[in-house]
Number of protein chains: 2
Amino acid sequence: MPDPEKLSSTDTDTGQPLPPLAMFEGKLADRVHAALLEAILDLRYRPGARLRKTAICDALGVSRSPVSEALARLAAEALVDIVPQAGSFVARLSMEEIREGAFLREALELQAVEMVAATLTDEHLQALRRNLRLQALCLAEGDGPEFHRLDAELHGMILSFTGHRRAARIAASAWLHVDRARRLLLPRPGRMAAALEEHRMILAALEARDPTAARHAMRHHLGQLLSLIATLAEERPDLFT
Amino acid sequence: MPDPEKLSSTDTDTGQPLPPLAMFEGKLADRVHAALLEAILDLRYRPGARLRKTAICDALGVSRSPVSEALARLAAEALVDIVPQAGSFVARLSMEEIREGAFLREALELQAVEMVAATLTDEHLQALRRNLRLQALCLAEGDGPEFHRLDAELHGMILSFTGHRRAARIAASAWLHVDRARRLLLPRPGRMAAALEEHRMILAALEARDPTAARHAMRHHLGQLLSLIATLAEERPDLFT
DNA sequence: GGTGTCCGGCTAACATGCTAGGATGTTACA
DNA sequence: TGTAACATCCTAGCATGTTAGCCGGACACC
């Protein structure tokens, strides 16, 4: 399964895409995990590439223990394939995983938005409105990356308003696969504006404290992405399993 | 937070509740994880108890590496609290965690049953019907443990029919906390029969391939348990955080 | 030329030594 | 007697040595 693929000169990392050092916090293993996660998500480590523990070790200046733990965690998140006594590889994108991530995310967010619509406080509404104002600003200025950050933040806020931290973590983890694929999509013209409008529908339903409407609005919003990704699988089959 | 509690003579494990050795499969760390999980779930390790790595090591005849990995995984599942440079403790039951587990489980199962109602095959229906027949048998014979196993199997089947393996895993993990509490509940008279009836409602909705009815039936079924557990929290506050 | 076998290199998994820091019990002092 | 400083113990986390199994190439044999 993890075949060498067309490897240009050296298979090893080109030296450049070093995941940034410890600009993270927490235990050493946490920081290594965060660094590798970032590198995998923005494709500095390409899908299918081999991960050399020793290279990672002296690139980050740590020993194998935290690296092993980080890789094990990434494997649990299905972002890395560990083949015992053979090697570790960045997982290829898989429509299977992406669909599953979307399923999980949808299940959690629909339940969350329904619950939140009934329990929302004014502070929560304030925060949501503020986020949407910033989104509008980004749209006006064409700041895609920041818009995306706010998008993720909005969804994260709704999940966290349920008070269930673990649920938010799981949703984030599930979304990783979808997000990794999404980053490969060229920005579609008009998509940002459409997303903002969909977000507004969700907020409107929450302001009305209408669980059913909130659920519908969220479902419509989440339904948009999968079809886009399906086209990617046809355009770039080399990135998929 | 992890206070000593009233410790009878020795705080250490009484020697007896050794988690059974490697009757599991997979890597060493997997087996240790499974053994500890079993011990924690059926309360051979009591909530709040200290987990001594070294004791576990020579009880199982392995070194600290696999034990550490297993404990880390249990900590990720919120079944163990690891306090750096202090110790590892079996997590106390927490209504927080239980509610969260129920939330996750409900979110996933509602979405799953809705999806499955639309995509179900005849083989799937066969398997569900067979499971329910066995449940009826257990009810007639008063075989509680087996009934519970079939109950869990039924829910697992519905999740697996979505084709999403990770979702099933997450649901199982989320359910752990609810289940650990549930095992402390005295069997309520009539509960088994009621559960069977609720299961029949779900199956009926699936046979009719009616997503909405299936969703409603499942929601009703899952709604039953939480109130029972809330009473437990009052009767046995020592087990809770 | 095609096929089976052996060998070397590389890897994850496991074992073990080391270190820093929190918890606890004791003692000195008010 | 109550409190605060101290010494000891124990722990998780990290580093590093060891083991066993897969992979790929070479070579012999068919």
Side-chain angles (χ1 to χ4, degrees), chain A residues 1-7 10-13 21-22 24-36 45 48-76 78-91, chain B residues 1-7 10-13 21-22 24-36 45 48-76 78-91:
Chain A
M1 189 97 37
D3 72 53
E5 191 161 0
K6 54 222 169 193
L7 34 81
T10 54
D11 181 16
T12 72
D13 40 324
L21 69 169
F24 307 95
E25 55 183 1
K27 295 190 302 189
L28 211 44
D30 295 340
R31 287 184 275 181
V32 174
H33 175 265
L36 290 175
Y45 285 131
R50 180 186 214 100
L51 289 170
R52 294 182 186 288
K53 261 190 198 177
T54 57
I56 297 171
C57 284
D58 45 43
L60 296 177
V62 300
S63 89
R64 302 189 322 255
S65 300
V67 175
S68 289
E69 187 181 329
L71 284 179
R73 225 181 295 174
L74 290 168
L79 285 169
V80 164
D81 292 328
I82 295 182
V83 185
Q85 275 69 39
S88 304
F89 306 85
V90 179
Chain B
M1 186 105 32
D3 71 54
E5 191 161 3
K6 53 222 167 193
L7 33 81
T10 55
D11 182 17
T12 71
D13 40 323
L21 68 171
F24 305 96
E25 54 184 2
K27 296 190 301 189
L28 213 44
D30 295 339
R31 286 184 275 181
V32 175
H33 175 264
L36 290 175
Y45 284 131
R50 178 185 214 101
L51 289 171
R52 295 183 185 287
K53 261 190 197 174
T54 58
I56 296 171
C57 284
D58 45 43
L60 296 176
V62 299
S63 88
R64 302 190 324 253
S65 300
V67 175
S68 288
E69 187 181 329
L71 283 179
R73 226 180 293 175
L74 290 168
L79 285 168
V80 164
D81 292 329
I82 296 181
V83 184
Q85 274 69 40
S88 304
F89 306 85
V90 179

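Just so it is clear: chains get the letters A, B, ... in the order the sequence lines come, proteins before strands, and each one is counted from 1.
- In this entry the distance linking CG of B:L51 with C1' of D:dT11 reads 13 Å, nearest Å.
- With rounding to whole Å, B:L28 atom CG is found 5 Å from C:dC14 atom P.
- In this structure, CG on B:L60 lies 6.5 Å from CG on B:L36, to the nearest 0.5 angstrom.
- The CG-C1' distance, from B:D30 to C:dA13, rounds to 11 Å in whole Å.
- B:K53 is linked by a side-chain hydrogen bond (donor to acceptor under 3.5 Å, both in side chains) to B:S68, counting only residues two or more places apart in sequence or in another chain.
- Between the CD atom of B:E69 and the P atom of C:dT16 there is a distance of 17 Å, rounded to whole Å.
- Here C:dT11 presents its P atom at 17 Å from CG of A:D81, a figure rounded to the nearest Å.
- Within the 4.0 angstrom heavy-atom criterion, no nucleotide atom of any strand lies near B:S68.
- Here A:I82 lies in heavy-atom contact (under 4.0 Å) with sugar-phosphate atoms only.
- C:dC10 atom C1' lies 11 Å from atom CZ of A:F89, rounded to whole Å.
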Counting primed atoms, P, OP1 and OP2 as sugar-phosphate and everything else as base, the B/S/- map of nucleotides 16-22 of chain D against protein heavy atoms under 4.0 Å is BBB--BS
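- In this structure B:A72 satisfies the side chain to side chain contact (heavy atoms under 4.5 Å, CB included) test with no other residue, sequence neighbours excluded.
- Taking atom CZ of A:R50 as the reference point, atom P of C:dG9 lies 16 Å away to the nearest angstrom.
- Closest contact between the side chain of A:R52 and the listed nucleotides C:dT11, C:dC14, D:dA12 involves C:dT11.
- With rounding to whole Å, B:K53 atom NZ is found 15 Å from C:dT16 atom P.
- Between A:I56 and A:Y45 the shortest side-chain heavy-atom distance falls below 4.5 Å.
- Interatomic distance, A:S63 OG to A:L28 CG, rounded to the nearest 0.5 Å: 8.0 Å.
- Salt-bridge formation is detected for the pair B:D30/B:R73: a Lys NZ or Arg NE/NH1/NH2 atom is positioned less than 4.0 Å from an Asp or Glu carboxylate oxygen.
- Nearest approach of A:G48 to A:F89, heavy atoms of both residues: O-CD2, 4.0 Å.
- Within the 4.0 Å cut-off from OP1 or OP2 of D:dT11, not a single side-chain nitrogen or oxygen of B:T54 is found.
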